[in-house]
Amino acid sequence: MPERTPEKAVTTAEAGPSGTGGEAAAGKVRLTRVAELERPVAFAVREGDDRLYVAEQGGKLRTTDGATVVDLSGEVSDGNEQGLLGVAFHPSGRWLYLDWTDADGTTHVTEWAYDGTKATARRDVLTQKQPYANHNGGQLAFGPDGHLYVALGDGGSGGDPEGNGQDLGTLLGKILRIDPRGNPYKIPEGNPFADREGARPEIWAYGLRNPWRFGFDRESGDLWIGDVGQNAWEEVDRQPAGSGGGENYGWNLREGKAGFGAGGQAKDLVDPVIVYPLGEGGACSVIAGFVYRGSKIDWLRGRFLYGDFCAGWIRATPADRPGEGEEIGRVDQLSSFGQGHDGELYALSLQGPVYRIDPA
């Protein structure tokens, strides 16, 4: 989970921003509750399957109609930022992947063969020891290239004491790109550090503190990354679809756009496209969402949605000129966003509800 427990937040069924800040005035959305689960934190859909799949932090992968697909509740660690954290389906729909932490806090990316009814042939694709209990990342997603992208935080504690964010010799503090259909996985052609001595070939991007959630724009292919901040700034990074990978997003040399500790600035750091101050209005942990590409809400099309776990707001900003954007709704303990086959978006609350974002 993103760190820090919120003191309060408000669930709002509909809200409309003011149209200030130089952006075209937006409209309203309605948050329609479609399911009630136990600490939902991640969302996925499967090819050829109309059901919505939701990962519960306590260890169960469930569908919104109540079925349990995988139960790891007897194996996961249950710290504040540990547990079952991510879910993704192979583009073919034949394999299921979960990201979770075991009783020792070690991260697992685990694969099952899945026929829509039973999950079988379990195997670990990747494991990573975690030096501390926090900053586990956990997001899994298949990109437009068909490869699996995996988020790992910097290993935890505070300030990245082991310097993992800038160390290409560790997977911590990175987004990885792998082909999971290997033994145990393959390195895709074109990974930016595959031929660099001393670097891990799985790395796709680095300099990240806790990339709790990221998502691909289904139309442009751009990658949007929400990186949870330390003491001052929350940030969202965007990697253009044409990128060959290898971006350095700056942690722990900086937080947001500001120098951090004694690190200061360095060459070739990629600036975030959105920053906002930690603590303002109760904000504490950024939750990255998706660019809306659905058909039900005309005014929302082409806007990137993101939110904050503690403050509870959801904001929308034009994807082609992102800024802080405008508030369009609020969800108690917003933990994640999801995207359906049709491009319509969902919002998950750690308190249990799963909402579909509908026109007001």
Side-chain angles (χ1 to χ4, degrees), residues 15-29 43 139 141-145 149 151 175 177 204-205 207-208 211-229 233-250 254 256-257 268-277 283 286-308 311 313-329 334 336-347 356-360:
S18 63
T20 59
E23 297 178 359
K28 296 182 178 182
V29 300
F43 178 108
Q139 178 73 357
F142 280 88
D145 56 10
Y149 290 72
I175 289 179
R177 184 176 80 144
W204 181 253
L208 295 157
W212 164 248
R213 290 292 171 253
F214 65 78
F216 290 94
D217 182 340
R218 63 191 295 157
E219 184 173 294
S220 72
D222 292 350
L223 173 61
W224 295 78
I225 308 162
D227 196 15
V228 179
W233 297 101
E234 300 296 305
E235 74 176 74
V236 176
D237 303 301
R238 181 180 64 184
Q239 184 191 73
S243 166
E247 285 88 345
N248 180 358
Y249 292 107
R254 70 178 186 190
K257 296 181 180 180
D268 302 323
L269 299 185
V270 178
D271 287 339
V273 294
I274 300 170
V275 295
Y276 65 90
V286 64
I287 309 293
F290 298 90
V291 177
Y292 179 70
R293 301 296 184 186
S295 61
K296 293 182 179 180
I297 312 174
D298 289 342
W299 63 264
L300 193 58
R301 199 169 296 118
R303 293 177 186 247
F304 171 70
L305 274 64
Y306 71 105
D308 188 273
W313 46 253
I314 296 173
R315 292 175 179 169
T317 183
D320 59 354
R321 46 187 178 89
E324 281 196 35
E326 297 176 288
E327 184 177 312
I328 64 168
L334 176 72
S336 190
F337 290 90
Q339 183 170 222
H341 287 301
D342 55 3
E344 302 303 325
L345 299 184
Y346 296 78
R356 186 178 60 240
I357 299 175
D358 285 334

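Note that the structure is predicted; figures quoted are calculated from it, not measured.
- In this structure, Leu208 and Ile175 have side chains that are in contact, with non-hydrogen atoms separated by less than 4.5 Å.
- For the pair Arg301 and Trp299, the cation-pi criterion (under 6.0 Å, within 45° of the ring axis) is not fulfilled.
- Side-chain atoms of Phe214 and Asp227, non-hydrogen and from C-beta on, never get closer than 4.5 Å to each other.
- One side chain, Gln239 or Trp204, offers a donor N or O that lies under 3.5 Å from an acceptor on the other.
- Checked against the 6.0 Å centroid threshold, Phe337 and Phe290 do not count as a close aromatic pair.
- The two residues Leu305 and Ala316 come nearest to each other via the heavy atoms CD1-CB, 4.0 Å.
- Cation-pi contact between Arg315 and Tyr276: present, with separation from the ring centre below 6.0 Å and deviation from the ring axis of at most 45°.
- Pro144 approaches Gly221 most closely through the heavy-atom pair CG-CA, 4.1 Å.
- Nearest heavy-atom pair, Gly207 versus Asn248, reported as atom, atom and distance to 0.1 Å: CA-OD1, 3.6 Å.
- Tested against Asp271, the residues Arg238, Lys257, Arg254 include a single salt bridge (Lys or Arg N to Asp or Glu O under 4.0 Å) partner, Arg254.
- Proximity of Ile274 to Thr317: side-chain heavy atoms (C-beta onward) are separated by under 4.5 Å at one or more points.
- Ring to ring, Phe216 and Tyr149 are close: their centroids are under 6.0 angstrom apart.
- Distance check, rounded to the nearest 0.5 Å: CG of Leu300 to NZ of Lys28 gives 15.0 Å.
- Considering only heavy atoms from C-beta on, Tyr292 comes within 4.5 Å of Glu344 through its side chain.
- For Arg356 against Lys296, the heavy-atom pair with the smallest separation is NE-NZ, 4.3 Å.
- A donor-acceptor contact closer than 3.5 angstrom is absent between the side chains of Tyr249 and Glu235.
- In this view, Asp222 satisfies the salt bridge (Lys or Arg N to Asp or Glu O under 4.0 Å) rule with no residue, not counting sequence neighbours.
- The heavy-atom pair separating Ala283 from Pro277 by the smallest distance is CB-O, 4.0 Å.
- What you find for Val286 and Glu234 is that their closest heavy atoms are N-OE1, 2.9 Å.
- Asp268 CG: 12 or fewer foreign heavy atoms inside a 6.0 Å radius.
- Counting heavy atoms from C-beta outward, Tyr306 and Glu324 have side chains that approach closer than 4.5 Å.
- Counting heavy atoms from C-beta on, the side chains of Tyr346 and Ser336 never come closer than 4.5 Å.
- A 4.5 Å side-chain heavy-atom check between Asp145 and Arg177 finds at least one atom pair inside the cut-off.
- A distance of 12.0 Å separates CZ of Arg293 from CZ of Arg303, quoted to the nearest 0.5 Å.
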**OP:** Evaluate the criterion side chain to side chain contact (heavy atoms under 4.5 Å, CB included) for residue pair Leu334 and Ile314; output intermediate values, then yes/no.
**Re:** CA-CA 9 Å; Leu334 176 72; Ile314 296 173; 4.1 Å; yes
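- Counting heavy atoms from C-beta on, the side chains of Asp358 and Ile297 never come closer than 4.5 Å.
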